[in-house]
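Before any comments, here is the structure.
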Amino acid sequence: MKNQFGKVGVLFGGRSAEREVSLMSGKGVLQALRAKGIDAHGFDPAERSLGDLAAEKFDRVFIALHGRYGEDGTLQGVLEQLGVPYTGSGVMASSIGMDKVMTKRIWSSHDLPTPRFEVLDAAGTSADDLRRVAAELGLPLMLKAPHEGSTIGISKVTAPAELGDGFSLCARYDDVVLAEEFITGRELTVPVLGAGRQARALPIVEIRAPQGNYDYEHKYFSDDTQYLCPAPLDAELTQRIQSLAVRAFNAVGAAGWARVDFMLRASDNEPFLLEINTSPGMTGHSLVPMAAKAAGVSYEDLCVEILASADLDLKPTADWKPV
């Protein structure tokens, strides 16, 4: 297997707000690949230069970076220039997936269900604007920094008096704020592996956090959050949600692997798409490995399958050689 993949780089850490989580993900992936006999080497773009990355002459890389500068298409563009195949989505799909607003617009154009929303200028939105949006979308209301992940820059507003503080929190992280209709119900997520017609959904995970608060602490460090996998849903609804996940994955042009998040409305069991993560967590609390395990795929085998899918958007010509 070592010769099959050559010299492999595992990119983790980085300089986004999700650095801490990425370090955990990358160390897990690195250990798993080495356990499979793969010649894997860790590489932190926050501590080493792009020149160092080129000098390593990796045959392929596993991207375990989360958030900006790693999940958003920027590093994917560098790897395209270097001609180094990488895991996950390409430049455009990574950029779209990191932008919750663009993702929702694309899903809406494909008639895929997603909560109603408005986009607000972080610098130019008045208190009257916030009250108008709250009246249109209703309370409770979700406010989100659309270019962050791991529940960073997100606020649930339950009363008009909370609008200002919630908006200010999100505006610290982004130039725009996504105001989104709150869907009361069950929180679900569906990992997807593959690409195009070969894309397949793994078992659904239901997330039950204390008081419904699936924040940064409950997502990565607390043992109080419950995960049910496969989620207790009837077969027809399970198939419908998994099909929606694959359609959502393909609509943004994702490839390799991703995780698609849903809310299942309590009143009528209607699923709504929230976001897609094109470089999901691979920590001990992460949901993609959990779903894979329920499907009979070990953490190590999952890492190898993802690594095997590494590719380039732009295929070099036959006579092109890396510098």
Side-chain angles (χ1 to χ4, degrees), residues 5 8-12 14 18 21-22 24-33 36 38 40 60-67 70-73 75-76 79-80 84-98 103 149-150 188-205 229-230 241-262 273-313:
F5 296 121
V8 173
V10 178
L11 308 189
F12 60 89
E18 299 177 70
V21 179
S22 176
M24 293 189 291
S25 289
K27 289 173 182 176
V29 170
L30 186 61
Q31 183 177 358
L33 295 180
K36 285 290 189 176
I38 294 170
R60 64 179 61 203
V61 300
F62 191 118
I63 297 179
L65 293 158
H66 308 316
E71 190 176 351
D72 61 356
L75 189 62
Q76 286 78 3
L79 294 167
E80 291 283 345
V84 179
Y86 54 90
T87 57
S89 296
V91 176
M92 182 175 291
S94 296
S95 180
I96 291 170
M98 196 66 210
T103 297
S150 294
L188 309 173
T189 193
V190 186
V192 179
L193 301 178
R197 293 184 178 180
Q198 281 69 50
R200 74 184 195 280
L202 292 178
I204 301 171
V205 182
C229 184
I241 293 170
Q242 288 178 315
S243 175
L244 275 174
V246 172
R247 288 174 60 198
F249 178 92
N250 285 331
V252 301
W257 68 313
R259 199 191 74 233
V260 183
D261 297 339
F262 289 83
L273 291 155
L274 296 181
E275 62 180 275
I276 184 169
N277 296 274
T278 56
S279 183
M282 290 291 282
T283 74
H285 283 73
S286 293
L287 307 181
V288 176
M290 185 183 302
K293 183 178 179 181
V297 180
S298 70
Y299 182 94
E300 290 80 8
D301 287 340
L302 173 66
C303 290
V304 172
E305 180 174 348
I306 294 169
L307 181 64
S309 71
D311 203 355
L312 290 165
D313 267 355

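FYI, the numbering just counts along the sequence from 1.
In this structure, S286 contributes its side chain and T283 its backbone to a donor-acceptor pair below 3.5 Å. Panel note: side chain E71, backbone S279; a donor-acceptor pair is recorded below 3.5 Å.
Note: L202 CG to M290 CE = 12.5 Å, rounded to the nearest 0.5 Å. How far CG of L302 is from CE of M282: 4.5 Å, rounded to the nearest 0.5 Å. With rounding to the nearest 0.5 Å, the separation of CG in D72 from OG in S89 is 12.0 Å. With rounding to the nearest 0.5 angstrom, the CD1 atom of I63 is 13.5 Å from the CZ atom of F12. Put simply, OG on S94 and OH on Y86 are 6.0 Å apart, with the number rounded to the nearest 0.5 Å. From I306, atom CD1 reaches atom CH2 of W257 across 4.0 Å, with rounding to the nearest 0.5 Å.
For A255, the side chain to side chain contact (heavy atoms under 4.5 Å, CB included) test picks out A195, with sequence neighbours left out. Residues satisfying the side chain to side chain contact (heavy atoms under 4.5 Å, CB included) criterion with A199, sequence neighbours excluded, are V192, V246, F249, N250. Here E305 pairs with R200 under the side-chain hydrogen bond (donor to acceptor under 3.5 Å, both in side chains) rule; sequence neighbours left out. With sequence neighbours left out, R60 forms a side chain to side chain contact (heavy atoms under 4.5 Å, CB included) with F5, V8, P85, L307, A310. The side-chain hydrogen bond (donor to acceptor under 3.5 Å, both in side chains) search around D301 returns K36, S298, not counting sequence neighbours. Among residues two or more places apart in sequence or in another chain, the side-chain hydrogen bond (donor to acceptor under 3.5 Å, both in side chains) test is passed with S25 by H66. Residues satisfying the side chain to side chain contact (heavy atoms under 4.5 Å, CB included) test with A294, not counting sequence neighbours, are P203, C229, P230.
Listed here is the closest heavy atom pair of P289 and Y299: CB-CD1, 3.7 Å. For the pair E18 and G67, the tightest heavy-atom approach, listed with the atom from each and the gap, is OE2-CA, 3.2 Å. The two residues A258 and T278 make their nearest non-hydrogen contact at CB-CA, 4.1 Å. Considering all non-hydrogen atoms of both residues, T103 and I96 come closest at OG1-O, 2.7 Å.
Using modelled atom types and a 3.5 Å distance limit, the side chains of T189 and D261 yield a donor-acceptor pair.
Under the 4.5 Å side-chain criterion, counting only non-hydrogen atoms from C-beta, R259 is not in contact with I276. Inter-residue side-chain proximity for V304 and I38 is flagged as met; some heavy-atom pair is nearer than 4.5 Å. Between I241 and V190, the closest side-chain pair of non-hydrogen atoms falls below 4.5 Å.
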Next item on the list: Run the numbers on F262 and L273 for side chain to side chain contact (heavy atoms under 4.5 Å, CB included), then give the verdict.
Entry: CA-CA 5 Å; F262 289 83; L273 291 155; 3.4 Å; yes
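Within 6.0 Å of CD on Q31 lie no more than 12 heavy atoms contributed by other residues, nucleotides or ligands.
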